[in-house]
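Let me begin by presenting the structure, written as structure tokens, before commenting on it.
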Amino acid sequence: MVKTVRMTVAQAIVKFLDNQYVSMDGRETKFVEGFFTIFGHGIAVGLGEALDTNPGSLRVLQGRNEQGMCHVATAFAKQSNRRRIIPCASSVGPGAANMVTACATATVNNIPLLVFPADTFASRQPDPVLQQLEQSSSLATTTNDAFKPVCKYWDRITRPEMIMTALINAMRVLTDPAETGACCIGLCQDVEGESYDFPEYFFEKRVHRITRPVAVEEELEDIAKIIAGAKKPLVIVGGGVRFSEAGEVVEQFCEEFKIPFGESQGGKSACKSSHPYCLGGIGVTGTYASNVIAKDADVVIAIGSRLSDFTTSSKWLFKNENVKFVTINNSRYHAYKMDAVKAVGDAKATVAALAEKLRARGYVSAYAGEIEEARGVWDKEMARLGAIEYTGDDFEPMIKARDPRTIPEFVKLTNGKITQTAALAAIRRVIDEDATIITAGGSLPSCMQRMWTTDKRGGYHAEYGYSCMGYEVAATLGVKFAEPDHEVYCVVGDSSFQMLHSEIMTIMQERKKVNILVFDNCGFGCINNLEMNHGIGSLATEFRYTDGKKPCKDLIPVDYAKVAEGYGLKSYTCKTIAELEAALEDAKKQEIACLFDLKVIPKTMTDGYESWWNVGLADVSEKESVREAWAGVRAGRDAARDY
């Protein structure tokens, strides 16, 4: 007879999760680290009772905003190379809805995130329960239905025994490199506390094997044949290279066959920046070196990449009329993009198998100095960017489209003399080589993909799949949980900081030393550039007082150092590069979290290099400036591939 143990659904969830492990390359890792919660009435007495009575070895973490705590968990899972997770639980209604954005962020980036939003009562006895969303067309519809389009697995528990198959299927998705993303299990409030005789075998230790499937022989032959005919191939290093831990194998592959590589945001730091075949970021926010080589490439080899619009420059980048695309990806969906000839398999194993076939053919590319020349041009540009200084009233920033009031007004208000590119160069000079840096939304990821260099694998942590503003501060805590012995920094714009910095309190509560660098330029600088470069005025993107109709009056200064002081962080206000460097050095001595309030002159971010981005500009406008910009958009679309 099967042995059983009687416990509630919530108690079963905790016990089951505490016994999940993953194994990759012979290394076994406990998969579930703990639980992030914001207790509301929907989970406080159900899941809360279980975590209070017997959490096992799981940590219990207190979030401040449901989206924020999920960003912490996502960053933790990413920096752990998807081998560890922190599930997140919320109350019903608004608490649940707050997690939807974070689930989309995790799914777009293929990061495992498990969420347990409370749901309405299965019995419907108290309907409408507090915070219940009612739809007259269906009583079965609740707030949690909003998770369906943003999750890779979705379920709702209306009977106790359902939790067994729900959890097993969530583990199936969470531990699948090709399909992982957010998983949502809605917990009806009454069912959380209902008990069931669960079989003891349900709680036995489970080890989920993360394997390295190699592309089949036919696909390997297909891509080897195409590459063997290439004179100027180019590799795109995507996030799949990072998660497969294939960086060293890709470096060896590129070196042996003399193939340069560009990096997507997700792939950056999978390989070493110092590698002689590394051209840096590619695409809309790419370097001159990557993009100029990409234009002439006759075969593009995308390894572990989603081939997003920013990576391909909206499919405009590759100008060789005979260019062919090859993909190596563990996802058949992504492998089919760009009409590519595909090899579906693990990046590390498949690149190694491909190398054997090219080696047998005696293949080497036909580059003759182009790689070194492109890198040399970019090295000079990097030096120029890092040395840009404010020179006074005659100062001309790189971004020309601007409100002429803004820079002099900003300097007068803040006395800030820092340029964005010089700040990033200074940060790179001062912080430790083995530090990890985080970026997500605004102009900073653009500058970082071009300018940041690191030889630490995984040392560059960008969330640019969903480009979710507000990810950065929360992510510092997640990365610090994953790498407690390393310094962790985030660069975050003032707009993104204002959107979401609630987890600062959790950082202080957990006593974690992280470093938050706020780039204050009084506005949404990236989108202001987008507007004005397309003939639109500076509309509702700078932080200005309103005239009653739109923000157009004086700039509004904010003291972010005082915000930090209120939470108990060590804070620094930096108005010059010298002050920034001194603050960074001093912060190394601190044992508490630090925030740097950088007064960064607007319009001092990098501009594009041999790239284009397709945006939905009006094709009819009363403004001549918009009509002129539309002509450029139309020309770009005409020059881009259709799909």
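A donor-acceptor pair shorter than 3.5 Å cannot be found between the side chains of Gln498 and Asp494. Between the side chains of Gln449 and Tyr460, no donor-acceptor pair is found at a separation under 3.5 Å. Using modelled atom types, one finds a donor on one side chain and an acceptor on the other under 3.5 Å when comparing Tyr471 with His461. Looking at Asn65 and Glu503, their side chains never bring a donor and an acceptor atom within 3.5 Å of each other. Remark: the Thr541 side chain and the Asn528 side chain contain an N/O donor-acceptor pair separated by less than 3.5 Å. Between Lys599 and Asn521, the side chains place no donor N or O within less than 3.5 Å of an acceptor N or O (distance only, hydrogens not considered). In this model, a donor atom of one side chain and an acceptor atom of the other lie less than 3.5 Å apart for Glu472 and Ser496. In the model, Lys456 has a side-chain atom that pairs as donor or acceptor with a side-chain atom of Thr436 under 3.5 Å. A donor-acceptor contact closer than 3.5 angstrom links the side chains of Thr406 and Arg544. A donor and an acceptor atom, one from each side chain of Thr606 and Arg450, are located under 3.5 Å apart. Side chains of Glu245 and Asn81: a donor on one and an acceptor on the other come within 3.5 Å. Using a 3.5 Å distance cut-off with no hydrogens or angles, the side chains of Thr180 and Asn110 do not pair a donor with an acceptor.
Under a cut-off of 6.0 angstrom, the local environment of CD in Glu591 is sparse, with at most 12 non-hydrogen atoms contributed by other residues, nucleotides or ligands. The environment of Asp393 atom CG is sparse: at most 12 non-hydrogen atoms of other residues, nucleotides or ligands sit within 6.0 angstrom. Shown here is Lys562, whose NZ atom has no more than 12 heavy atoms of other residues, nucleotides or ligands within 6.0 Å. Crowding of Glu389 atom CD: a count of heavy atoms from other residues, nucleotides or ligands under 6.0 Å not exceeding 12. Counting non-hydrogen atoms of other residues, nucleotides and ligands closer than 6.0 Å to CZ of Arg511 gives a total of 12 or fewer.
Ala440 and Ser467 make their closest contact through O-OG, 3.5 Å (heavy atoms, listed as atom of the first residue, atom of the second, distance). Looking at every heavy atom in both residues, Leu17 comes nearest to Pro87 through CD1-CG, 4.0 Å. The heavy-atom pair separating Met451 from Met382 by the smallest distance is O-CE, 3.0 Å. Between Glu396 and Lys400, the shortest heavy-atom contact is OE1-NZ, 3.4 Å. What you find for Val241 and Gly247 is that their closest heavy atoms are CG1-N, 3.8 Å. Here the closest non-hydrogen pair linking Cys447 and Leu424 is CB-CD1, 3.4 Å.
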Do Ser274 and Asp455 pass the side-chain hydrogen bond (donor to acceptor under 3.5 Å, both in side chains) test, and can you show the C-alpha distance, the side-chain angles, and the key distance before you say yes or no? CA-CA 7 Å; Ser274 64; Asp455 280 356; 2.7 Å; yes
Go through Glu542 and Arg402 one step at a time and tell me if the salt bridge (Lys or Arg N to Asp or Glu O under 4.0 Å) criterion holds. CA-CA 11 Å; Glu542 294 185 316; Arg402 64 186 187 275; over 6 Å; no
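Taking the side chain as every heavy atom from C-beta outward, Ile388 and Gln420 never approach each other to under 4.5 Å. The shortest distance between side-chain heavy atoms of Gln79 and Lys480 does not fall below 4.5 Å. Between Val479 and Thr476 there is no side-chain heavy-atom pair separated by less than 4.5 Å. In this structure the side chain of Val14 reaches within 4.5 angstrom of the side chain of Leu51, judged on heavy atoms. Counting heavy atoms from C-beta on, the side chains of Tyr572 and Leu517 never come closer than 4.5 Å. Side-chain contact check for Asp597 versus Cys574: every heavy-atom pair is 4.5 Å or farther apart. Between Cys522 and Glu409 the shortest side-chain heavy-atom distance does not fall below 4.5 Å. Looking only at side-chain heavy atoms (C-beta outward), Thr546 and Lys553 stay at 4.5 Å or farther from each other.
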Please tabulate, for the side chains in residues 31-43, all donor-acceptor contacts under 3.5 angstrom to protein atoms that are two or more places apart in sequence or on a different chain.
| unit_1 | atom_1 | unit_2 | atom_2 | d |
| --- | --- | --- | --- | --- |
| His41 | ND1 | Gln189 | OE1 | 3.4 |
| His41 | NE2 | Leu130 | O | 3.3 |
| His41 | NE2 | Gln131 | OE1 | 3.2 |

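With values rounded to the nearest 0.5 angstrom, Lys570 atom NZ is found 10.5 Å from Lys589 atom NZ. Between Ile185 atom CD1 and Ile13 atom CD1 the span is 7.0 Å, to the nearest 0.5 Å.
Proximity of a side-chain donor or acceptor of Ser305 to a complementary backbone N or O of Gly238 within less than 3.5 Å is not detected. The main-chain N or O of Thr453 is never found under 3.5 Å from a side-chain atom of Ser273 such that the two would form a donor-acceptor pair. Panel note: side chain Asp554, backbone Tyr545; no donor-acceptor pair is recorded below 3.5 Å. A donor-acceptor pair under 3.5 Å is formed between the side chain of Lys30 and the backbone N or O of Asp18.
For the pair Arg84 and Phe481, the cation-pi test (distance below 6.0 Å, angle within 45°) is failed.
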